[in-house]
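Order of appearance sets the numbers: ligands from 1, and atoms from 1 within every ligand.
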Amino acid sequence: MQKIAVLTSGGDAPGMNAAIRAIVRAGLAAGWQVFGVQNGFAGLVGGDMRRLSSRDVGGVMRQGGTFLGSARSEEFRQRWGREQSLDHLRSQEIDALIVIGGNGSQTGGHALLEMDFPVVGVSSTIDNDLEGTDITIGADTAINVALEAIDRLKVTAASHRRAFLVETMGRDCGYLALMAGLAGGAEVVSIPERDLSPQEIAAGLHDAYARGKSHALAVVAEGAQHTAEELVRYFNEHRHETGFNLRVTVLGHVQRGATPTASDRVLASRLGSGAVTALQEGRIGVLVGLHGDHVGFTPLDRVAGRTKLVDLDALPFARVMAR
Ligand code: F6P
């Protein structure tokens, strides 16, 4: 092994920069050259890569986003795009590629692996929906952003005795909504793995007032069957029956761009250098993730195309905690 390349792909996640930094510095310490690919798989198709030095990654750890850029590439989904990517990697004499990203990105890496190119993945997405890791880089920061919004909305909710609804990101996984709801003491949590009907959400909010609370707040994951938009419509149409107004905040991309928490920086440093260790040990075609307290490795074919769902036991627990 002499030359490796790294790219970030899919939605940016806070801590991606710390992971690139770790790969560059651990790779250089192993005596290798490290190349950064611009704009994810789109840059790979176009052969857009440059050599990175230790100084190139100085100061990036405290920045959200990814200084290499990211993209969702249509060309790479085509066979010709993947073949062109391999041509570029081989013409630069790159021995292995490290892919930092979530579900779609690891599926992309797996496709190159199936074309006999050595690939290692690093778990990174705010959604924490990847098989093969307990937690992904970026999830902790995104939860904290959602939590700050919930804390602030509760102040206003209590001042006005109003009900609030917060929609989080998370694609088809309820982890972000559930953890932010648990940490923020939300009265109601609706996630794709356990959807609540508009009537159930109304009953949950109503019950909070009945228990003497001065506020009532629901967290709804974007992947839940009844989205914020639909719920607002329902609450407007049934204002007389529910007995209260509902104000809605859709957090959207605000959850992606924050300064990474200490936890995400440490995780990213461990998983990034874990990817270099994997290559040193000849572990090709694995996802580097956190297994309990340890950095662990899972074959990419057990990760690609799958969605990790949340632990549903946390739902009744969150309900009891918000009594
Ligand atoms: O996967 C990260 C994520 O932010 C999801 O939570 C969300 O559904 C999606 O990306 C949004 O994608 P885009 O930035 O392409 O709109």
Side-chain angles (χ1 to χ4, degrees), residues 7-19 39-43 63-77 99-110 121-150 165-181 183 189-193 195 219-231 248-261 264 267-268 271 287 289 303-310:
L7 63 79
T8 48
S9 165
D12 63 310
M16 278 183 160
N17 280 326
N39 303 324
F41 288 109
Q63 293 163 10
T66 158
F67 80 92
L68 285 178
S70 186
R72 304 196 194 273
S73 167
E74 209 27 69
E75 291 89 347
F76 188 80
R77 286 182 218 274
V99 175
I100 304 171
N103 236 319
S105 313
Q106 302 310 335
T107 304
H110 185 249
V122 172
S123 316
S124 178
T125 160
I126 65 162
D127 302 336
N128 194 30
D129 61 350
L130 259 188
E131 287 287 356
T133 188
D134 295 350
I135 185 83
T136 51
I137 297 164
D140 183 64
T141 308
I143 291 166
N144 276 290
V145 172
L147 179 60
E148 190 179 338
I150 290 169
L165 188 146
V166 179
E167 184 185 279
T168 65
M169 277 191 162
R171 211 180 280 278
D172 299 323
C173 176
Y175 183 84
L176 258 182
L178 183 50
M179 290 304 128
V189 177
S190 181
I191 57 176
E193 298 87 343
D195 274 307
V219 179
V220 175
E222 66 173 354
Q225 195 191 333
H226 303 282
T227 59
E229 205 182 326
E230 192 187 331
L231 290 166
V248 174
T249 303
V250 176
L251 293 177
H253 290 82
V254 161
Q255 289 155 105
R256 289 234 297 256
T259 300
T261 57
D264 268 329
L267 178 67
L271 300 192
L287 178 80
V303 173
R306 298 190 187 188
T307 300
K308 180 177 73 177
L309 302 179
V310 294

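Residue contacts with ligand 1 leave out Gly10, since none of its heavy atoms falls under 4.0 Å from the ligand.
Asp172 and Thr307 share no side-chain donor-acceptor pair at under 3.5 Å.
Under the 3.5 Å distance criterion, the side-chain polar atoms of Asp264 are matched with a main-chain donor or acceptor of Gly138. A side-chain donor-acceptor contact under 3.5 Å links Glu222 to the backbone of Gly170.
Compare Met169, Glu222, Arg256, Gln255 by their heavy atoms: the one nearest to atom 10 (O) of ligand 1 is in Arg256. Closest heavy-atom approach to atom 12 (O) of ligand 1 among the candidates Arg171, His253, Arg72: Arg72.
Partner of Asp129 under the side chain to side chain contact (heavy atoms under 4.5 Å, CB included) criterion, out of Asn103, Thr136, Leu176: Asn103 alone.
In terms of polar-atom proximity, defined here as any N/O pair under 3.5 Å, Ile126 makes no such contact with ligand 1.
With rounding to the nearest 0.5 angstrom, the CD atom of Glu230 is 7.5 Å from the CD atom of Gln225.
When hydrogens are left out, the protein atom nearest atom 6 (O) of ligand 1 is Asp127 OD1, 2.7 Å; that is the closest non-hydrogen contact.
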